[in-house]
Trainee: 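What follows is a single structure, and I will ask about it in a moment.
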2 protein chains.
Amino acid sequence: MQYPTPIAKLIDSYMKLPGIGAKTATRLAFYTLTMREEDVTDFAKALISVKRDLHFCDVCGNITDEATCDICRDQTRDRSVILVVEEPKDVMSMEKMREYRGLYHVLNGVISPMDGTGPDDLNIASLIKRLQNDEVQEVILAMNATTEGEATAMYLSRLIKPAGIKVTRLAHGLAVGSDIEYADEVTLLRAVEGRTEL
Amino acid sequence: MQYPTPIAKLIDSYMKLPGIGAKTATRLAFYTLTMREEDVTDFAKALISVKRDLHFCDVCGNITDEATCDICRDQTRDRSVILVVEEPKDVMSMEKMREYRGLYHVLNGVISPMDGTGPDDLNIASLIKRLQNDEVQEVILAMNATTEGEATAMYLSRLIKPAGIKVTRLAHGLAVGSDIEYADEVTLLRAVEGRTEL
C-alpha cells in the first residue's frame with residue numbers, strides 16, 4: 001500500500017531539504033496534516049514569496065526584497081570599509097554583533113574546484129568594480145575558516161592588494177569561553193602566532 | 001538589522017514544524033532560496049494539497065484522498081478482523097509487513113488526560129458502530145506501548161469484550177535483533193511472561 005498521493009508528494013518535498021531523510025520527512029508530512037489550515041497556507045505562501053520577491057542587491061549581492069539592500073542604502077554607514085562574506089546569512093551574523101558600521105559584499109559562494117565553482121561564478125567582478133569607483137580604503141575578508149574559504153581569501157587578496165587597498169582578514173584563535181584542552185592543533189597554532197601584548 | 005520580510009516569514013513557518021528550532025529554520029529558509037523554482041512551487045502546492053485533498057476515511061478514520069480509503073474498499077481483505085491503531089502512519093507501518101490482510105480502524109489519538117483528550121475526542125463511536133453491523137470476530141488493539149496507549153487499549157477492551165468479540169493485543173517482548181543486555185526491565189519482564197514453548 002502506498003501513501004495517498006498528496007502526502008507522498010509532500011514527503012518528497014520535505015526530503016529535498018538538507019538533513020531531512022525519509023523518516024523525518026514522513027513525520028513532518030503527517031504533522032502538517034494536523035497543523036492549522038491558516039499556518040499551512042502561510043507556509044506555502046512564504047515558500048513562493050521567498051523565490052518570487054527576494055533577489056540579490058544590485059550593489060553588494062546580499063538578498064533583499066528591494067533593488068538595493070537596506071545596508072547599501074543606509075547613508076550613515078562607513079563607506080570606506082567593505083567586509084566580504086560568502087553567504088547572505090553571514091551578513092546577518094556580522095550585523096548581530098552591532099559593532100561593524102561599514103558596508104558588505106556577498107560572494108554567494110566560494111572558489112571550490114571540487115564543485116566546479118570558479119572565480120567567475122562568484123560576485124567578484126562587481127566587488128572589483130566597487131573598489132574602482134568608491135572611496136574604499138579597506139577590504140576585510142571574512143570567509144569561513146575552511147580550505148575553500150582560505151583559498152578564496154588568498155585569491156581576493158592577490159587581486160585587490162595591487163590596487164593599493166588595505167586587505168585584512170578576521171583573526172583566528174580560541175573562541176571566547178572555550179577550553180584550550182578542546183581546541184584543535186591548527187587553531188592553537190593560530191592563537192599562538194596571533195598573540196597580542198598585554 | 002532584520003531579515004527581509006519574505007525570509008523572516010519562511011523562518012517562522014519552518015519553526016512551526018516539530019523538532020525545528022530557530023537555527024535549523026534559518027538554515028532551511030536560506031537553503032530554500034537556492035532551490036530550483038520548480039521544486040519550491042511543488043513544495044508549496046503539496047502543502048496546500050495535503051490540507052485540501054486529504055480527509056479521514058468515513059469508515060475507518062485513516063487518511064485518504066477519496067471518501068473511503070483503499071483498504072476499506074478492497075473486497076479481497078478479511079472483514080472479520082479489525083486492527084485498531086492510534087495514527088494513520090501506524091497503518092502504513094502495519095502494511096509494510098505485508099502479512100496482515102484484515103481491516104483497520106484509526107483512533108486519531110489516544111486517551112490522555114494530561115492533554116485533555118478523552119474517549120469522546122477519538123474515533124471510538126464509529127468503531128463500536130462497525131462492530132455492531134459487521135461480521136467482525138476479532139479486534140486487535142495495536143496502540144503504542146506507552147502509558148496512554150496502554151490506558152486506551154484497556155478502555156477499548158472493557159468496552160468491546162462484553163459484546164462477545166475476541167479482543168487481542170500485540171505481543172510485548174524483545175525486538176528482533178536486539179541484545180538482552182540493553183533491554184529495559186519492563187520489556188524483559190514482558191518477554192519472560194509471554195514466553196512460548198519450543
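First the proteins, then the strands, lettered A, B, ... as listed; each starts at 1.
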Trainee: Are there residues of residues 155-179 of chain A that reach to under 4.5 Å of chain B by heavy atoms, and which ones?
Mentor: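 Residues in range: none.
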
Trainee: Has A:Met97 got more than 12 heavy atoms of other residues, nucleotides or ligands less than 6.0 Å from its CE?
Mentor: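 Counting other residues, nucleotides and ligands, CE of A:Met97 exceeds 12 neighbours.
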
Trainee: Decide whether B:Ile48 and B:Val40 are clustered together by the hydrophobic rule: side chain heavy atoms of Ile, Leu, Val, Met, Phe, Trp, Tyr closer than 4.5 Å, transitively.
Mentor: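 No: no chain of side-chain contacts under 4.5 Å links B:Ile48 to B:Val40.
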
Trainee: Any link between B:Ile82 and B:Val59 through a network of hydrophobic side chains (Ile, Leu, Val, Met, Phe, Trp, Tyr) touching at under 4.5 Å?
Mentor: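 Not linked; separate clusters.
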
Trainee: Using only non-hydrogen atoms and a strict under-4.5 angstrom cutoff, which residues of residues 27-36 of chain B touch chain A?
Mentor: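 If one takes a 4.5 Å heavy-atom cut-off, the residues of residues 27-36 of chain B near chain A are B:Arg27, B:Leu28, B:Phe30, B:Tyr31, B:Thr32, B:Leu33, B:Thr34, B:Met35, B:Arg36.
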
Trainee: Side chain, backbone, both or neither: which part of B:Thr64 has a non-hydrogen atom closer than 4.5 Å to chain A?
Mentor: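 For B:Thr64, the contact with chain A is made by the backbone alone.
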
Trainee: Among B:Asp42, B:Leu17, B:Ile20, which residue forms the greatest number of heavy-atom pairs with chain A at distances under 4.5 Å?
Mentor: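 Of the candidates given, the most pairs with chain A belong to B:Leu17.
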
Trainee: Taking atom CD as the centre, does B:Glu193 end up with more than 12 heavy-atom neighbours from other residues, nucleotides or ligands that are less than 6.0 angstrom away?
Mentor: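 More than 12 heavy atoms, drawn from other residues, nucleotides or ligands, come within 6.0 Å of this atom.
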
Trainee: Closest heavy-atom contact between A:Val50 and B:Leu10?
Mentor: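 Smallest heavy-atom distance, with atoms named: CG2-CD2, 3.6 Å.
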
Trainee: Flag yes if B:Leu131 and B:Val84 sit in one hydrophobic cluster, no otherwise; membership is Ile, Leu, Val, Met, Phe, Trp, Tyr, and two members link when side-chain heavy atoms are under 4.5 Å apart.
Mentor: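 Yes, it is one cluster - the side chains of B:Leu131 and B:Val84 are joined through contacts under 4.5 Å.
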
Trainee: Does A:Leu122 belong to the same Ile/Leu/Val/Met/Phe/Trp/Tyr cluster as A:Leu127, with side-chain heavy atoms less than 4.5 Å apart forming each link?
Mentor: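 Yes, A:Leu122 connects to A:Leu127 through the hydrophobic network.
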
Trainee: The criterion is ring pair (Phe, Tyr, Trp, His ring centres under 6.0 Å); which residues satisfy it with B:Tyr14, sequence neighbours excluded?
Mentor: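 A:Phe43.
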
Trainee: I'd like to know whether OH of B:Tyr100 has more than 12 heavy-atom contacts from other residues, nucleotides or ligands below 6.0 angstrom.
Mentor: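 Result for OH/B:Tyr100: enclosed.
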
Trainee: For each of A:Ala8, A:Pro6, A:Ser13, A:Gly19, tally heavy-atom pairs with chain B at distances under 4.5 Å, and name the one with the top tally.
Mentor: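 Going by pairs under 4.5 Å, I would pick A:Pro6.
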
Trainee: Name the member of B:Thr41, B:Thr24, B:Asp39 that forms the most heavy-atom pairs with chain A at distances under 4.5 Å.
Mentor: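 With the most close heavy-atom pairs to chain A, the winner is B:Asp39.
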
Trainee: According to a hydrophobic-cluster definition based on side-chain heavy atoms being under 4.5 Å apart (Ile, Leu, Val, Met, Phe, Trp, Tyr only), do B:Tyr104 and B:Val81 belong together?
Mentor: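 Yes, it is one cluster - the side chains of B:Tyr104 and B:Val81 are joined through contacts under 4.5 Å.
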
Trainee: Mind running side chain to side chain contact (heavy atoms under 4.5 Å, CB included) on B:Leu47 and A:Leu47 for me, showing each step along the way?
Mentor: CA-CA 10 Å; B:Leu47 281 168; A:Leu47 281 168; 3.6 Å; yes

Trainee: Are there more than 12 heavy atoms of other residues, nucleotides or ligands under 6.0 Å from atom CD of A:Glu99?
Mentor: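 Check fails, neighbour count at 12 or below.
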
Trainee: With chain B as the partner, which of A:Pro18, A:Ala44, A:Ser49 has the greatest number of non-hydrogen pairs under 4.5 Å?
Mentor: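 Option with the top pair count is A:Pro18.
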
Trainee: For A:Ala153, what residues pass the side-chain contact (heavy atoms from CB on, under 4.5 Å) criterion, not counting sequence neighbours?
Mentor: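 Expected list: A:Leu141, A:Met143.
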
Trainee: Between B:Arg52, B:Lys16, B:Lys9, B:Glu87, who has the most heavy-atom pairs with chain A when the cutoff is under 4.5 Å?
Mentor: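 Of the candidates given, the most pairs with chain A belong to B:Lys16.
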
Trainee: Using side chain to side chain contact (heavy atoms under 4.5 Å, CB included), reason through B:Ile7 and A:Ile63 one step at a time and then give a plain yes or no.
Mentor: CA-CA 9 Å; B:Ile7 207 140; A:Ile63 49 157; 3.9 Å; yes

